[in-house]
Amino acid sequence: MKREWRMPLTILSIAIFALFIWWAQNHLNAYYIRVLSTAAIYIVAAVAYNLINGVTGQFSLGPNGFMALGGFTVALLVLPVSQKQIVYFLQPLIWPFNSFSLPQSLFIVALLLAGIVAAIGGIIIGFPTLRLKGDYLAIATFGFGEIIFVLANNLISITNGALGIKGIPEYSTLMWTWGWAIFSIIVVSNLAKSSYGRAMKAIREDEIAAEAMGINVFFHKMLAFTVSAFFAGVAGGLLATLITTVSPSLFMFTMTFNLLIIIVLGGLGSITGSAITAVLFAFLQELLRTVEAPIQLGPIHLPGVAGMRMVVFSLLLILAMLFYRRGLFGRKELSWDLILSIFERKGEGVGTTWKKEKMKLS
Amino acid sequence: MDIQSFIQQLLNGISLGSLYALIAIGYTMVYGILRLINFAHGDVFMLGTYFAFYLVMIFMLPWWLSATLAIALSAIVGMLIDRVAYRPLRSAPRISALITAVGVSFFLENAGIVVLGARPKGFPRPEFMSHTYNLGGAYITGVSIWVPVISVILLLVLFYVIYRTKIGMAMRAVATDMETTRLMGVDLDRVISYTFAIGSALAAAGGIMWACKYPQINPLMGIFPGWKAFTAAVVGGIGNILGATIGGLVIGIIEIMIVAFFPALSGYKDAFVFVILIIFLLVKPTGILGETLKEKV
Amino acid sequence: MEKGKNEAILTMNHVTVVFGGLTAVNDFCIDIQRGELVGLIGPNGAGKTTVFNAITGQYIPAKGEIFFEGREITGLKPDRITKYGIARTFQNVRLFSELSVLDNVLVSYHARIKSSFWEAIFHTPRYLREERTFYNGGMELLERVGLAEMAGETAGSLPYGQQRRLEIARALATGPRLLLLDEPAAGMNPEETRQLMDFIKRIRDEFGLTILLIEHDMKVVMGICERIRVLDYGISIAEGTPAEIQANPRVIEAYLGEEERENAEA
């Protein structure tokens, strides 16, 4: 397929999709809009998570912590001052958050700040751990998520403790969530495909060899981790303004676990794979709600079992790792070439194409 | 703070610390051999307490027998986890085994919620653990005395196994150089199995004593002690059993002392361990006793 | 210091590397002149690879100093040293096995990138130009080493001999002036070895390289090296031309000793 065709095709399909989103926002009922938005938020978080775990090969368990940072940041920024006075009845909210709130027109600023706060958190965690070889990142990020939970419960004058913050304006429309989803896919897959991404993949494959080829390992791990934390923070902010409340328990480890399932099933290292499984997962999660609800099978009544969904998900993850480790896409990306190669015969290798181009030039 | 209450707190810290040490040993042994953070280890600790709970409450077994059986059952669970979830991934990229470990951990926690119920259960602690002793004016509960004593006994048994038995020698050999040890005809899978069994047994023993100290058990009780114990293993020098013991004691004592000296900060006591971890990773990532693990180039 | 100032491209002064009490390399000194092809030989475990690791920064020497083109590089991080102009291959091939052959080579160009990652993300013209230059350079290089046909294959799927060749190509792509080859002929059949010898001589001339190589295959060492250094138990025991080394009684003793050891084990 001709290279010049790819860009217009991509733009065209994004335009068609944008039309669909616009239609959906106006015609679908609130339930479907919420599921679709959740899917988009999963995309933002999962695609970013895949950058550090799948592309760079560094095992992070941090997204829930970064999403919490982003979620609380947005909540503090956009919650109306009057609502703040109602919510914070245990202890008053600290200055300056008690005296202002961003209008809807500045929602984008709130989201960017959410991403920046999370990215700073990422730098703080990444600096001590990513210099070291080994799995210190995993243990530090896991602890970080738990510590955010502890802090959110205790810093009542900022987070309102275990009660959380209610009444956040519902700014996250489908346009916002899907806009960010598409933006994150473009940014992360461009990064992964770029020279910087190649360096990250080299680190995943063999850290010592990558270093010996002149790659600054620490810098590239930090870059991947910080970008990943930024988008996780944005995802947290979108989530806060979708469900209109944040509380410490919203950002428990389960969130990271869900994202882990998504990136494993989509194929560690495949950005588009994560995006597709993120959508599937959002719907699967809704379907599996029925598992936890009471079931009436004729005369037999099965009481609902809380926690059953997570049992199913964890088994799914273990089985995928044992028997289906490459996931849906392996490390391939969904691209026009891949779609067309299903219809066409096998394409030419990079080498022959290059030779042809060279011949044309001479 | 007067000297009596200081001693009281110190003993308290030592008893908490020896529990962290018992859990940390399992992490450090597995990491030393497989370079794998066994996330499910904290959940084996939780299972140990439930085994003991049901053996006492339902099977009405005497306390010492329940505890012994619970430890044995946990050892089997530990071996099973390795057999089913980790062994097939020995030659896979390391991140695969880590992800699986997270999966197993989450499975045990949620299966625990489904099967055992999310509501905390009161743990039936034996009388000698809850009894209060008066030692020269300082009032000390049985837990603070017996936990360190039993832990020391367990540690002595462990060191005997590691340094004086054939399987212990095999474990040390595998941790030093897995490939060479395998070439010399040692059955790696068997050695790794025993490692999981020993680590899980110690975690279960720690769990049962934990439940005597904090007699409320629930399926998620293993998460925090597990993570702190892993931090203890890092602080002590990952891969080093004595280091894990020291790390556990250090973390336990610091945690108790922070709460004792700064009661206002008690809500943050779990956060301090995190700060300790980050400081160690910045200043001395090899831990108190650890040597630099050099990767062969 | 005085040695660091002469014409040598690489100078090692009294370098000692210790692993927890065990001295792997003891008081190692060497001067390598620009354009030379030097062999480093010795029985197994003599510390040859450790010398490489000390030069490239994987290990930090306990004592001694290392100069490259008059600049001290002792204790610098491996990526810095590579950027200064030293590249290496590994004894047990360490390719990025899941990446394509072309990508393996392109990774080495990354250290020279001028565009920031922002430009890379948003595909600015400057970035696209740079990427194009890398791509052309990488393909050019692959063609010169005879791997252009395989550019799109996964590196791990190549036959062993080609993997070794790709590793050398990857090292060349970093633009080195000094190339360290760690047992390049290991596991090759006589025909492949013969091709490899020609290949090494050819790249030295074409790329204007200085080469230091570790090799067990005496045909290779004697056939292409102009100067040979012999290590045993971490200590230099001899240096000279191939002819001199072959006649040196201490070298013969060291190698015979190894054979005796092997016989005793068998």
Side-chain angles (χ1 to χ4, degrees), chain A residues 53-54 57-59 61 124-125 127-129 131-136 138-140 142-144 146-151 153-156 161 204-205 207-209 212 253-254 256-257 260-261 263-264 268 292 305-323 325, chain B residues 27 31 35-37 39 84-85 88-89 92-115 117-118 219 223-224 227-228 230-231 233-234 238 265 267-275 277-283 285-286 293-297:
Chain A
N53 276 23
Q58 307 300 307
F59 193 45
L61 291 169
I124 293 170
I125 304 299
F127 186 78
T129 51
R131 292 179 308 141
L132 309 169
K133 295 203 169 79
D135 308 304
Y136 296 104
I139 207 67
F142 180 75
F144 175 67
E146 301 293 319
I147 264 52
I148 291 281
F149 182 71
V150 170
L151 293 181
N153 270 316
N154 283 282
L155 295 170
I156 297 172
R204 172 190 73 200
E205 296 291 312
E207 202 169 318
I208 287 174
F253 186 67
T254 313
T256 291
F257 193 79
L260 195 57
I261 293 180
I263 65 170
V264 165
L268 279 175
E292 293 189 359
V305 188
M308 202 59 192
R309 241 185 338 162
M310 293 326 288
V311 174
V312 173
F313 284 147
S314 41
L315 278 177
L316 197 62
L317 180 70
I318 297 170
L319 292 175
M321 285 325 288
L322 291 178
F323 303 111
R325 226 183 308 144
Chain B
Y27 276 117
Y31 195 91
R35 298 282 178 275
L36 166 73
I37 303 173
F39 283 95
V84 175
L89 293 170
R94 244 166 41 151
I95 199 165
S96 310
L98 277 170
I99 292 173
T100 312
V102 172
V104 172
S105 162
F106 219 62
F107 171 74
L108 291 177
E109 285 158 21
N110 287 288
I113 290 176
V114 170
V115 178
I223 300 176
F224 255 117
W227 181 73
K228 285 184 197 168
F230 190 85
T231 303
V234 172
I238 190 85
L265 293 179
Y268 300 99
K269 69 182 164 70
D270 295 325
F272 278 99
V273 182
F274 185 69
V275 176
L277 174 69
I278 295 296
I279 291 174
F280 258 89
L281 292 182
L282 276 174
V283 180
T286 52
L293 292 174
K294 276 231 173 71
E295 198 169 337
K296 264 192 167 171
V297 179

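Throughout, a chain's letter reflects where its sequence line sits, starting with A, and its residues are numbered from 1.
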*Taking atom CZ of A:Phe127 and atom CG of B:Leu281, what is their separation to the nearest 0.5 Å?*
12.0 Å
*Is A:Phe142 close to B:Ile223 at the side-chain level, that is, under 4.5 Å between some pair of heavy atoms?*
yes
_Among A:Leu268, A:Ile124, A:Val150, which residue has the highest count of heavy-atom pairs closer than 4.5 Å to chain B?_
A:Val150
*Closest approach of A:Ser314 and B:Gly103, non-hydrogen atoms and distance?*
CB-O, 3.6 Å
_Per-residue contact mode, A:Val312 against chain B (heavy atom under 4.5 angstrom)_ = neither
*Can you tell me how far OH of A:Tyr136 sits from CD1 of B:Ile37, rounded to the nearest 0.5 angstrom?*
9.0 Å
*Is there side-chain contact between A:Leu155 and B:Tyr268, with at least one heavy-atom pair below 4.5 Å?*
yes
*Have a look at A:Pro128 and tell me which of B:Val283, B:Leu282, B:Ile279 forms a side-chain contact (heavy atoms from CB on, under 4.5 Å) with it.*
B:Leu282
*Roughly how far, to the nearest 0.5 Å, is the CG atom of B:Leu277 from the CD1 atom of A:Ile147?*
9.0 Å
*Does A:Asp135 reach the side chain of B:Arg94, with side-chain heavy atoms less than 4.5 Å apart?*
yes
_Rounded distance [0.5 Å steps], OH in B:Tyr27 versus CD1 in A:Ile139_ = 6.5 Å
*Reported CE-to-CG distance for the pair A:Met310 and B:Asn110, which is rounded to 0.5 angstrom*: 6.0 Å
*Answer with side chain, backbone, both or neither: which region of B:Ala97 has an atom nearer than 4.5 Å to a non-hydrogen atom of chain A?*
neither
*asked:* Tell me which of these, B:Phe224, B:Phe274, B:Phe107, has more heavy-atom pairs under 4.5 Å with chain A than the rest.
replied: B:Phe274
*Closest heavy-atom contact between A:Asn53 and B:Ile95?*
O-CD1, 3.5 Å
_Pairs of heavy atoms under 4.5 Å with chain A: top-ranked of B:Ile113, B:Leu108, B:Thr100_ = B:Thr100
*Between A:Asn154 (side chain) and B:Gly267 (backbone), is there a donor-acceptor pair under 3.5 Å?*
yes
*Interface moiety of A:Phe144 toward chain B, non-hydrogen atoms closer than 4.5 Å*: both
*Apply side-chain contact (heavy atoms from CB on, under 4.5 Å) to the pair A:Glu146 and B:Asp270, showing each step before the final yes or no.*
CA-CA 9 Å; A:Glu146 301 293 319; B:Asp270 295 325; over 6 Å; no
*Tell me, side chain or backbone of B:Phe280 under 4.5 Å from chain A's heavy atoms, or both, or neither?*
neither
_At a 4.5 Å cut-off on heavy atoms, which part of A:Leu316 comes close to chain B: side chain, backbone, both, or neither?_
neither
*Could you look at A:Ile148 and say if it's the side chain, the backbone, both or neither that has a heavy atom under 4.5 Å from chain B?*
neither
_Counting only non-hydrogen atoms closer than 4.5 Å, does A:Arg131 touch chain B with its backbone (N, CA, C, O), its side chain (CB onward), both, or neither?_
side chain
_Interchain contact, A:Phe257 with chain B, by part (heavy-atom threshold 4.5 Å)_ = side chain
*Considering only heavy atoms from C-beta outward, does the side chain of A:Arg204 approach that of B:Pro93 to under 4.5 Å?*
no
_Side chain / backbone / both / neither for A:Thr254 at chain B, heavy atoms under 4.5 Å_ = both
*For residues B:Val102 and A:Phe253, determine if any side-chain heavy atom of one lies less than 4.5 Å from a side-chain heavy atom of the other.*
yes
*asked:* Report which part of B:Val234 has an atom under 4.5 Å of a heavy atom belonging to chain A: side chain, backbone, both, or neither.
replied: side chain
*Considering non-hydrogen atoms only, spot the tightest contact between B:Leu89 and A:Arg325 and give its length.*
CD2-NE, 3.6 Å
